[in-house]
Amino acid sequence: MTKRGMTGLCMAAVLAMSMMAGCGSSESTSGSSAAGASTASSASAASEDNVLRVGMECAYPPFNWTQTTSEVEGGATAEPIYGTDTYAYGYDVAVAQMLAEEMGMELEIHKVEWSSIGTSLDAGVYDVIIAGMGRTAEREISYSFTEPYYYRNNCIVVAKDGPYADVTGLSDLAGTGCKVTTQLGTGWVPLLDQIEGANQVGNYETTSECFMALNNGVADVCVVDLPTAESAAMTNDNLLVITLDESDTFTDDDDMVNVCIATRKDDTELRDRIQETMDSLGWNDEEAMDALMEEIIPLQPAASM
């Protein structure tokens, strides 16, 4: 998918004001978030108490990460993670702050493991998933989705000094027996089958573990999205990000790479309210989305050290 350039001055001003708006709250895996389930067990809970409860990994930079203070370089403010003394920031948090501010709601961030992000939504721990989640036909069976709040490209990551550093297209990997991996439960898993003759060595709960597998030689190739790869490469000199040639890359449908906000299947009222807010903010402009992502990537704590 071809990306457009930087946003215009008008949208940049909207972004700047939106990113400054923040309060909020959440490290909860399924254990510490469970305490909140009773207060958010119905589809109308968000409307009843005017709290936008959002679930995310807080471990998927640059979309979301955990940090120890509320300060963010450049003047933005990280959100407290519900039930902990840590904070969350990243592209997803910035978008959540923007939405909550425009909707006149308090923001509450819940930290949850990726493998249980859907079940915790169903249990009412939170009402919305804003977590770099791709909208797929399979997920649409269980959840309601907004239009995309980010469009991402896929890429591969390899070791700089490894045997695949000169790869430019998918065909270069065919028949090599390369060891491939990605994150569990994501739209990237089916893409591994498109690498002919690859050795699938198992997938991981987090992208950080995928990159560690590259460093340790357990894997040769990681399939992931471009912002996540670029973010990891900023803090790991051994990683090389390769954007495959457009004529020799993965075949996927747009819905898999379009990142959308999810609510429970029957909570279309909240879904529609969020979509209306996105529309009023003009948050359907890829230039604005790219501009915000470019601002966010260098802000993760490890990248700014």
Side-chain angles (χ1 to χ4, degrees), residues 27 29-31 55-66 111-120 129 131-139 142 152-167 169-244 248-253 255-257 259 302:
E27 176 173 6
T29 53
S30 46
M56 61 181 66
E57 288 176 274
C58 302
Y60 178 37
F63 286 93
N64 53 75
W65 66 74
T66 299
K111 183 172 183 176
V112 61
E113 291 184 1
W114 177 251
S115 58
S116 58
I117 199 165
T119 54
S120 293
I129 295 173
M133 176 184 281
R135 181 184 63 201
T136 65
E138 182 180 7
R139 287 173 180 152
S142 302
R152 64 183 172 197
N153 294 327
N154 293 319
C155 67
I156 63 172
V157 183
V158 300
K160 275 185 180 177
D161 58 356
Y164 302 100
D166 295 329
V167 166
L170 204 59
S171 60
D172 293 333
L173 296 172
T176 63
C178 59
K179 298 173 289 186
V180 298
T181 189
T182 191
Q183 186 181 17
L184 285 165
T186 65
W188 303 311
V189 174
L191 300 187
L192 301 184
D193 293 331
Q194 297 185 32
I195 305 177
E196 182 184 343
N199 179 15
Q200 298 188 25
V201 294
N203 303 319
Y204 295 89
E205 175 72 25
T206 66
T207 53
S208 296
E209 291 172 291
C210 295
F211 300 134
M212 188 179 301
L214 292 179
N215 286 330
N216 295 338
V218 175
D220 299 315
V221 177
C222 173
V223 180
V224 72
D225 66 273
L226 188 57
T228 301
E230 291 175 338
S231 178
M234 289 182 68
T235 59
N236 190 327
D237 291 337
N238 186 48
L239 299 181
L240 177 65
V241 180
I242 298 176
T243 302
L244 299 174
D248 191 11
T249 188
F250 298 104
T251 302
D252 53 46
D253 60 51
D255 283 348
M256 189 175 68
V257 295
V259 181

Counting N and O atoms only, with roles assigned by atom type, does the side chain of [X] sit under 3.5 Å from a partner on the main chain of [Y], one being a donor and the other an acceptor?
X      : Y      : answer
Thr182 : Val189 : no
Arg139 : Gly134 : yes
Glu230 : Val241 : no

Problem set entry | Phe250: partners by ring-ring contact (aromatic ring centres under 6.0 Å, His included), with sequence neighbours left out |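 If we apply the ring-ring contact (aromatic ring centres under 6.0 Å, His included) test to Phe250, skipping adjacent residues, there are no hits.
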
For this session: Run the numbers on Phe63 and Asp225 for side-chain contact (heavy atoms from CB on, under 4.5 Å), then give the verdict.
Result: CA-CA 11 Å; Phe63 286 93; Asp225 66 273; 3.5 Å; yes

Exercise. Between Leu214 and Val157, is any pair of side-chain heavy atoms under 4.5 Å apart?
Worked result: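 Side-chain contact under 4.5 Å: yes.
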
Problem set entry | Minimum side-chain heavy-atom gap Thr186-Trp114 below 4.5 Å |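 A side-chain contact exists here, since the closest heavy-atom pair is under 4.5 Å.
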
Exercise. To the nearest 0.5 Å, what is the distance between CZ (Phe211) and OG1 (Thr235)?
Worked result: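 The distance works out to 9.0 Å.
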
For this session: Nearest 0.5 Å please: distance from the CG atom of Asn236 over to the CG atom of Asn215.
Result: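 Asn236 atom CG to Asn215 atom CG measures 4.5 Å (nearest 0.5 Å).
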
Partners of [X] by side-chain contact (heavy atoms from CB on, under 4.5 Å), sequence neighbours excluded?
X      : value
Thr119 : Ser116
Ala213 : Tyr204, Val218, Ala219
Asp166 : none
Ser208 : Thr206

Which atom of [X] lies closest to which atom of [Y], heavy atoms considered:
X      : Y      : value
Asn64  : Met56  : CB-SD, 3.5 Å
Ala131 : Gly55  : CB-O, 4.0 Å
Leu184 : Glu205 : CD1-N, 3.8 Å
Gln200 : Asp193 : NE2-OD1, 2.8 Å
Ala233 : Leu239 : CB-O, 4.3 Å
Ala165 : Leu240 : O-CD2, 3.5 Å

If you look only at distance, which donor and acceptor atoms sit under 3.5 Å apart when one is on a side chain in residues 169-181 and the other is two or more places apart or in another chain?
residue: Ser171; atom: OG; partner: Asp248; partner atom: OD2; Å: 2.6
residue: Asp172; atom: OD2; partner: Thr168; partner atom: N; Å: 2.9
residue: Asp172; atom: OD2; partner: Thr168; partner atom: OG1; Å: 3.2
residue: Asp172; atom: OD2; partner: Gly169; partner atom: N; Å: 3.1
residue: Thr176; atom: OG1; partner: Leu173; partner atom: O; Å: 2.7
residue: Thr176; atom: OG1; partner: Cys178; partner atom: N; Å: 3.3
residue: Lys179; atom: NZ; partner: Gly217; partner atom: O; Å: 2.7
residue: Thr181; atom: OG1; partner: Gly202; partner atom: O; Å: 2.7

Problem set entry | Derivation of the side-chain contact (heavy atoms from CB on, under 4.5 Å) call for Leu244 and Asn154 | CA-CA 9 Å; Leu244 299 174; Asn154 293 319; over 6 Å; no

Exercise. Can Val167 and Ile156 be said to form a side-chain contact (heavy atoms from CB on, under 4.5 Å), step by step?
Worked result: CA-CA 10 Å; Val167 166; Ile156 63 172; 4.1 Å; yes

Exercise. Stepwise, does the side-chain contact (heavy atoms from CB on, under 4.5 Å) test hold for Ile117 with Met133?
Worked result: CA-CA 10 Å; Ile117 199 165; Met133 176 184 281; 4.1 Å; yes

Problem set entry | Neighbour count >12 (heavy atoms, 6.0 Å) for atom CG, Asp237 |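 Not more than 12 within 6.0 Å, no.
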
